[in-house]
Protein chains: 2
Amino acid sequence: MNYSRQREIIYKTLADNVVHPSAEYIYEILKEADSKISLATVYRNLNKMASCGHIKKIEGLEDRAHFDHNTFEHYHFICEKCGKIYDVAKEVAPEIVKKTQDKTGFTINSHDIVFHGICLECKKKER
Amino acid sequence: MNYSRQREIIYKTLADNVVHPSAEYIYEILKEADSKISLATVYRNLNKMASCGHIKKIEGLEDRAHFDHNTFEHYHFICEKCGKIYDVAKEVAPEIVKKTQDKTGFTINSHDIVFHGICLECKKKER
DNA sequence: GCCAAAACTGATAATAATTATTACTTTATA
DNA sequence: TATAAAGTAATAATTATTATCAGTTTTGGC
């Protein structure tokens, strides 16, 4: 994989945004910052970085994929009110891979956990 | 929600198919069985049943949604070789909701776990 | 530095899953 | 049974994502 200026700014934008952005969102930010980047380039590079493990692709939320520069094992929570995506520490499901492999006999290469509910901020606002 | 013949056969087809079918798959089965049903009707009813909790919608696998008539809490495993979707007992992640709520302070309404890997059948075939 | 090969890009067309629309039909109930 | 609400079939529309392709960058050897 060669260097590319576009991939670099896409990665930086992802890393700077705690919100777990979608491809479209990153594209909008870069366009505002006057970059002449193409949406296809954003998709291409996010997928490329995801498949080589440099970033993480989060699927199964709404209808679009989101991306995460944090590749350390962790899970996600999406707020049903504000749509924000939060990280959840992996300690909430200790030894889940070992337990599942023991129980099923399958080989597990990866797993994802997504929680849905109401975040603290939105709970406060409700009152 | 009123009764409809179409919804009934969609539910029956879902319940009869252990494979966690997609909307398209259910539609194909029903079309073969000569029903004049429309694909939009299949989508409409699966989503309606899912949102009232009568069935479960499984997202985050490939690019299409799958459905499960088993509403008992459980998780899913998708085989990277054959694409088959298996159920995983909820015991692999004991107290995950309580733990996550305690740790984050968020209210959790639902959660999904998806494992990716190789199933037993495909592991046997590999040798 | 120069050059060819490989990798990459922007623009846009194509694809595929899902949802919206609409005229008509079925269901529930007063 | 009449009528309003809910549902349907057929298909157009939408939306996220991927493919295509001609042109540009990057890279490593000379």
Side-chain angles (χ1 to χ4, degrees), chain A residues 1-14 17 19-68 76 78 83 85 112 114, chain B residues 1-14 19-68 78 83 85 112 114:
Chain A
M1 181 152 64
N2 279 352
Y3 168 84
S4 99
R5 188 182 58 81
Q6 286 87 339
R7 184 151 53 241
E8 186 176 22
I9 60 173
I10 290 168
Y11 180 77
K12 276 196 183 140
T13 307
L14 176 62
N17 277 275
V19 296
H20 304 81
S22 63
E24 186 78 36
Y25 185 90
I26 290 180
Y27 172 66
E28 292 303 331
I29 289 185
L30 291 177
K31 261 219 326 215
E32 271 182 36
D34 110 310
S35 169
K36 221 160 98 6
I37 204 161
S38 155
L39 178 58
T41 301
V42 177
Y43 272 105
R44 206 182 312 118
N45 281 298
L46 287 171
N47 282 328
K48 188 165 283 188
M49 288 188 282
S51 74
C52 80
H54 190 204
I55 65 174
K56 255 190 143 188
K57 188 174 190 173
I58 317 170
E59 291 178 283
L61 314 174
E62 317 148 349
D63 35 16
R64 44 167 50 99
H66 292 251
F67 295 86
D68 194 338
H76 292 103
I78 180 164
I85 300 169
D112 298 292
V114 179
Chain B
M1 180 152 66
N2 279 352
Y3 168 85
S4 100
R5 188 181 57 81
Q6 285 88 337
R7 185 151 49 241
E8 186 175 22
I9 60 172
I10 289 168
Y11 181 76
K12 276 195 184 141
T13 307
L14 175 62
V19 295
H20 305 80
S22 63
E24 184 79 37
Y25 185 89
I26 290 182
Y27 172 66
E28 291 304 331
I29 289 183
L30 291 177
K31 261 216 333 212
E32 269 182 37
D34 109 309
S35 167
K36 222 159 98 3
I37 205 162
S38 156
L39 178 57
T41 301
V42 176
Y43 272 104
R44 202 185 318 115
N45 282 299
L46 287 172
N47 282 328
K48 188 166 283 189
M49 288 189 282
S51 72
C52 81
H54 191 204
I55 66 174
K56 256 192 142 186
K57 188 173 188 172
I58 318 171
E59 292 178 282
L61 315 173
E62 315 148 351
D63 36 15
R64 42 166 53 100
H66 292 251
F67 295 87
D68 194 340
I78 179 163
I85 300 168
D112 298 291
V114 179

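Just so it is clear: chains get the letters A, B, ... in the order the sequence lines come, proteins before strands, and each one is counted from 1. Below, all heavy atoms of this structure are taken into account, side chains as well, without hydrogens, waters or symmetry copies. These numbers were taken from a predicted model, which means no experiment stands behind them.
Put simply, CD1 on B/I26 is 15 Å from P on C/dA17, counting in whole angstrom units. The CG atom of A/L39 sits 13 Å away from the P atom of C/dT12 (whole-angstrom rounding). Distance CZ (B/R64) to P (D/dA16): 18 Å, rounded to an integer number of Å. Following rounding to the nearest Å, B/L46 (CG) and C/dT19 (P) show an atom-to-atom distance of 11 Å. Here the P atom of nucleotide C/dT9 and the OH atom of A/Y27 are 14 Å apart, to the nearest Å. Atom CG in A/N45 sits about 9 Å away from atom C1' in C/dT9, given to the nearest Å. Taking atom CD of B/E8 as the reference point, atom P of C/dT26 lies 16 Å away to the nearest angstrom. Rounded to an integer number of Å, the gap from CZ of B/F67 to C1' of C/dA17 is 11 Å.
The phosphate of D/dT8 (OP1 or OP2) has no side-chain N or O of B/S38 nearer than 4.0 angstrom. The side chain of A/Q6 places an N or O atom within less than 4.0 Å of a non-bridging phosphate oxygen (OP1 or OP2) of C/dG10. Here B/S4 does not reach the OP1 or OP2 of C/dT26: none of its side-chain N or O atoms lies under 4.0 Å away. Side-chain nitrogen and oxygen atoms of B/N47 include at least one within less than 4.0 Å of the OP1 or OP2 phosphate oxygen of C/dT19. Here A/K48 does not reach the OP1 or OP2 of C/dA7: none of its side-chain N or O atoms lies under 4.0 Å away. For A/K36, no side-chain nitrogen or oxygen approaches OP1 or OP2 of C/dT9 to under 4.0 Å.
Counting non-hydrogen atoms under 4.0 angstrom, B/Y43 reaches a base of the nucleic acid. Across all strands, A/A23 comes closer than 4.0 Å to no nucleic acid atom at all (heavy-atom distances).
Of the two residues near DNA chain C, B/D63 and B/R44, the one whose nearest nucleotide lies more 5' is B/D63. Comparing A/H66 and B/M1 against DNA chain D, the residue whose closest nucleotide sits nearer the 5' end is B/M1.
In this structure, A/A65 and A/F67 approach most closely via the heavy-atom pair O-CE1, 4.1 Å. Across A/Y27 and A/I37, no two heavy atoms sit closer than the pair CE1-O, 3.4 Å. Of all the heavy atoms in B/V42 and B/A23, the pair that sits closest is CG1-O, 3.5 Å. Across all their heavy atoms, A/I10 and A/L46 have their closest contact at CG2-CD2, 3.7 Å.
For B/I37, counting side-chain heavy atoms from C-beta on, the closest listed nucleotide (D/dA9, C/dT9, D/dG7) is D/dA9. Candidate nucleotides C/dC8, C/dA11, C/dA20 were compared by shortest atom distance to the side chain of A/A40, and C/dA11 ranks first. Checking D/dT26, D/dT17, D/dT11 against every side-chain atom of A/N2, the shortest atom distance belongs to D/dT26. Proximity note for A/Y3 (side chain, C-beta onward) versus D/dG7, C/dT18, D/dT27: the nearest is D/dT27. In the set C/dT9, C/dC8, C/dT18, C/dC8 carries the atom at the smallest distance from any side-chain atom of A/R7.
Of the possible polar contacts, none joining the A/H20 side chain to the A/H66 backbone as a donor-acceptor pair under 3.5 Å is found. Side chain of B/R7 to main chain of B/R44: no donor-acceptor pair is present (N/O by atom type, distance under 3.5 Å, no hydrogens or angles).
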